[in-house]
There are 2 protein chains.
Amino acid sequence: MNYQLELRHFIYFLAVAEELHYRKAAEKLFISQPGLSTQIKQMEEILGTQLFVRDKKKVSLTPAGEYLKKEVEFILNHLEQTKKQVKLIGEGQLGEVRIGFLGSAMQNVVPNLLLGLKEKFPTVHTTLEELSNRAQINAILADRLDLGFVRLSRVPKGLDVRPVFEDTFSLVLPGDHPLDEANFKNINQVADEDFILFSQDYSPMYYDTVLSICEDSGFVPNVSHKSVHAQTIFKLVENKLGIAIVPTTLQHGFQMKVKFIEMKKIKQRAVLSMVWKTDNRNPALQKCMDLLMKL
Amino acid sequence: MNYQLELRHFIYFLAVAEELHYRKAAEKLFISQPGLSTQIKQMEEILGTQLFVRDKKKVSLTPAGEYLKKEVEFILNHLEQTKKQVKLIGEGQLGEVRIGFLGSAMQNVVPNLLLGLKEKFPTVHTTLEELSNRAQINAILADRLDLGFVRLSRVPKGLDVRPVFEDTFSLVLPGDHPLDEANFKNINQVADEDFILFSQDYSPMYYDTVLSICEDSGFVPNVSHKSVHAQTIFKLVENKLGIAIVPTTLQHGFQMKVKFIEMKKIKQRAVLSMVWKTDNRNPALQKCMDLLMKL
DNA sequence: ATAATCAATAACTATGAATTATCAACTAGA
DNA sequence: TCTAGTTGATAATTCATAGTTATTGATTAT
């Protein structure tokens with residue numbers, strides 16, 4: 001005698017409220033009329049209110065039933081929507097991917113990913129945050145980020161990495177520097193200059209790589225300044241406070257009195273990788289990764 | 001294996017989503033852990049989506065589950081509200097009463113009813129419509145009105161009537177008419193004047209009653225004008241186009257150069273009755289009627 | 001190792017939804 | 001005023017399945 005309301009009740013109720021006829025409603029529901037009768041009666045008992053008036057030969061709604069009908073229509077409709085949404089999210093057709101990236105990834109990889117997402121999965125939303133390598137790794141481990149774009153060769157256990165973009169390095173020189181594309185041969189030519197590099201803790205891999213480039217040429221660079229922003233580095237070069245070595249694509253999007261000399265011959269590459277938590281179950285992330293494989 | 005989603009599923013789901021722990025959730029729900037496990041699994045099957053990730057020693061929500069949790073919270077909350085509302089409407093504590101009335105009922109009975117409702121059942125709303133006797137009867141029969149205030153002695157089958165207010169009749173005379181409260185004795189004194197009365201089809205009972213008043217005095221009135229609005233009748237009297245006989249309380253609320261002489265001695269009374277459909281199940285109407293019994 | 005704790009699985013029980021069969025109340029034709 | 005044919009409500013029964021107990025396998029902690 002202490003029953004609970006169930007969706008079944010609502011569906012049955014709505015059928016009767018629409019047909020105002022038990023037998024016809026029962027037929028529509030593919031159940032027997034007595035079953036329907038008892039369920040409606042039970043429902044009235046649960047709610048503590050008469051919902052239908054069964055008068056001589058005709059069924060009609062009470063005001064409470066009238067009210068409930070509207071509500072049930074809303075609830076069942078809302079439910080149907082919810083079911084669809086849940087399914088879509090489960091399939092990764094819908095949802096959110098939280099992306100972190102190094103500033104240098106914004107030149108190329110991240111915009112392409114966003115464009116691809118917009119085209120193939122327009123219902124997948126993204127949040128973007130520019131973060132250092134370390135900050136991205138921490139955020140991913142703490143489940144505050146789904147996907148990161150970093151320059152690291154090794155990542156903590158539980159995370160997966162995969163290179164997505166390889167870039168040559170370019171020398172960054174003041175606009176009026178004697179060296180140019182034509183007379184540049186070897187990085188030894190600038191061995192005595194001051195160097196401006198990205199900070200180690202912003203991207204140790206980059207730092208190590210640049211040092212190894214110099215090492216391969218037989219000198220140790222004199223690092224006078226370190227920074228975390230390309231903008232700052234270029235500004236320092238422009239003001240003749242030193243020269244820099246940066247990933248080639250970084251040059252796009254800045255308007256500075258500096259010149260870039262791409263060093264195609266040196267073997268080191270600036271590798272941008274994506275990182276994610278191995279057990280991340282965000283289905284929208286899967287769609288993202290599929291897309292990145294193709295870029 | 002073709003199950004239906006039920007509210008039970010939602011309640012179970014929410015418990016697990018909150019506890020993120022099957023055994024604890026099951027305890028909270030007073031069911032066994034295996035039962036809970038199978039129900040959640042079934043739910044995931046119905047929705048076609050994983051809702052929880054059961055990893056080494058810890059349960060967590062998938063994005064789809066995260067979304068569903070919010071929706072379920074909303075739905076269950078909305079449902080609880082609805083249940084309460086339905087109960088209240090069933091008890092007549094809430095709802096709407098559609099009232100029709102003759103203009104003359106607005107002087108006294110209807111305002112008192114509204115005041116009483118506001119005090120005792122502030123959640124019962126009303127809609128008001130000034131309508132003729134006939135229009136009210138039709139509207140009540142067609143279920144467009146719950147309650148009417150009419151001047152009729154007989155009503156069609158299926159409707160109930162009950163007098164709610166008895167009023168004496170008053171003579172309405174131009175302001176400068178020789179007759180007044182002091183020298184008035186008998187309606188015979190105005191037997192030769194022109195009479196202005198409410199139209200028969202607006203209220204046949206009133207019409208008959210006025211005629212019977214005259215008849216009792218031994219004359220047949222000369223009816224020069226008929227109208228449906230007190231305002232019009234008073235205006236005509238003011239302009240000396242005739243005199244009128246109206247229910248006494250009608251005089252309130254008008255500012256006219258007319259004088260009223262209450263005829264307490266004549267036996268006829270202007271009876272205002274309430275009418276309603278015998279089988280009207282609007283519980284808010286019951287509250288209305290209870291109130292009117294006490295007025 | 002051992003014990004403890006997690007969720008999942010298997011076999012079983014028992015609740016109660018749904019069925020069939022029937023009834024009582026009413027309507028509409030002969 | 002008889003049927004015959006509606007209507008929804010009851011009663012007895014069947015049967016699906018939610019929920020139970022008992023157990024397992026996997027993992028963690030001591």
Side-chain angles (χ1 to χ4, degrees), chain A residues 1-47 49-62 64-65 69 72 157-158 278-279 281, chain B residues 1-47 49-62 65 69 72 76 157-158 278-279 281:
Chain A
M1 333 287 161
N2 220 352
Y3 296 108
Q4 272 298 124
L5 216 49
E6 284 296 351
L7 287 183
R8 177 188 57 247
H9 290 119
F10 289 142
I11 291 161
Y12 290 0
F13 166 80
L14 200 57
V16 178
E18 276 167 0
E19 297 289 336
L20 291 176
H21 196 293
Y22 277 72
R23 191 183 52 72
K24 284 181 193 165
E27 240 167 60
K28 209 168 82 172
L29 294 164
F30 300 108
I31 61 168
S32 66
Q33 172 267 313
L36 181 56
S37 279
T38 50
Q39 285 298 301
I40 295 287
K41 206 176 151 204
Q42 188 187 93
M43 191 177 181
E44 290 181 324
E45 223 160 79
I46 295 168
L47 290 171
T49 311
Q50 192 114 345
L51 297 173
F52 293 102
V53 188
R54 292 83 152 171
D55 250 13
K56 335 179 165 184
K57 276 285 196 190
K58 85 166 202 290
V59 174
S60 57
L61 283 160
T62 63
K69 187 187 173 199
V72 167
K157 210 182 148 205
T278 312
D279 63 3
R281 308 281 183 147
Chain B
M1 327 305 163
N2 218 351
Y3 296 107
Q4 273 297 128
L5 216 50
E6 284 296 349
L7 287 183
R8 168 178 23 90
H9 290 120
F10 288 144
I11 292 161
Y12 291 179
F13 166 80
L14 200 57
V16 179
E18 277 167 359
E19 298 289 335
L20 292 176
H21 196 292
Y22 276 72
R23 192 181 51 71
K24 285 181 193 164
E27 239 168 59
K28 210 168 81 171
L29 293 165
F30 300 107
I31 61 169
S32 66
Q33 172 267 313
L36 181 56
S37 280
T38 50
Q39 285 298 301
I40 295 288
K41 206 176 153 207
Q42 189 186 91
M43 192 176 179
E44 291 181 323
E45 224 160 78
I46 295 169
L47 289 170
T49 310
Q50 192 115 341
L51 297 173
F52 293 102
V53 187
R54 292 83 152 173
D55 249 12
K56 338 182 161 181
K57 275 285 197 191
K58 87 167 200 287
V59 175
S60 56
L61 284 160
T62 62
K69 186 185 173 200
V72 167
L76 291 185
K157 207 179 149 212
T278 311
D279 62 4
R281 307 282 182 144

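Each chain gets a letter, A, B and so on, in the order its sequence line appears, and its residues count up from 1. What you are looking at is a predicted structure, and each value in this text was computed from that prediction instead of being measured.
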Tell me, please, which residues at least two apart from [X] pass side-chain hydrogen bond (donor to acceptor under 3.5 Å, both in side chains).
X	answer
A/Ser37	A/Gln33
B/Glu27	B/Arg23
A/Tyr22	A/Arg54
B/Lys41	none

*Just compare D/dT20, C/dT19, C/dG16 and give me whichever is closest to any side-chain atom of A/Tyr3.*
C/dG16

Rounded to whole angstroms, how far apart are [atom1] on [X] and [atom2] on [N]?
X	N	atom1	atom2	value
B/Leu29	D/dG19	CG	P	9 Å
A/Ile31	C/dT20	CD1	C1'	14 Å
A/Gln42	C/dA17	CD	C1'	9 Å
A/Leu36	C/dA17	CG	P	13 Å

_Those residues of residues 5-16 of chain A lying under 4.0 Å from DNA chain D by at least one heavy atom_ = none

*What does nucleotides 3-11 of chain C look like as a protein-contact string, B for base, S for sugar-phosphate only, - for none, at under 4.0 angstrom between heavy atoms?*
--BSBBBB-

*Give one of base, sugar-phosphate or nothing for A/Gln4, where a contact means two heavy atoms less than 4.0 Å apart.*
nothing

*In chain order, what residues pass the ring pair (Phe, Tyr, Trp, His ring centres under 6.0 Å) check against B/Phe52, with sequence neighbours excluded?*
B/Phe13

_For A/Ala64 against A/Thr49, the heavy-atom pair lying closest together_ = CB-CG2, 3.7 Å

_salt bridge (Lys or Arg N to Asp or Glu O under 4.0 Å) against B/Lys24, all qualifying residues, sequence neighbours excluded_ = none

*For the helix from C/dA1-D/dT30 to C/dA30-D/dT1, what is the angle between the axes at its two ends, each from 5 pairs, rounded to 10°?*
20°

_Pairs meeting criterion salt bridge (charged side-chain N to carboxylate O under 4.0 Å, His left out) with involvement of residues 2-12 of chain B, two or more places apart_ = none

*asked:* Could you tell me if the side chain of A/Ile46 sits less than 4.5 Å from the side chain of A/His9, heavy atoms only?
replied: yes

*Within a strict 4.5 Å, meaning less than it, do heavy atoms of the A/Lys69 and A/Leu61 side chains meet?*
yes

*Contacts of B/Ile11 that satisfy side chain to side chain contact (heavy atoms under 4.5 Å, CB included) - sequence neighbours left out*: B/Leu29, B/Leu76

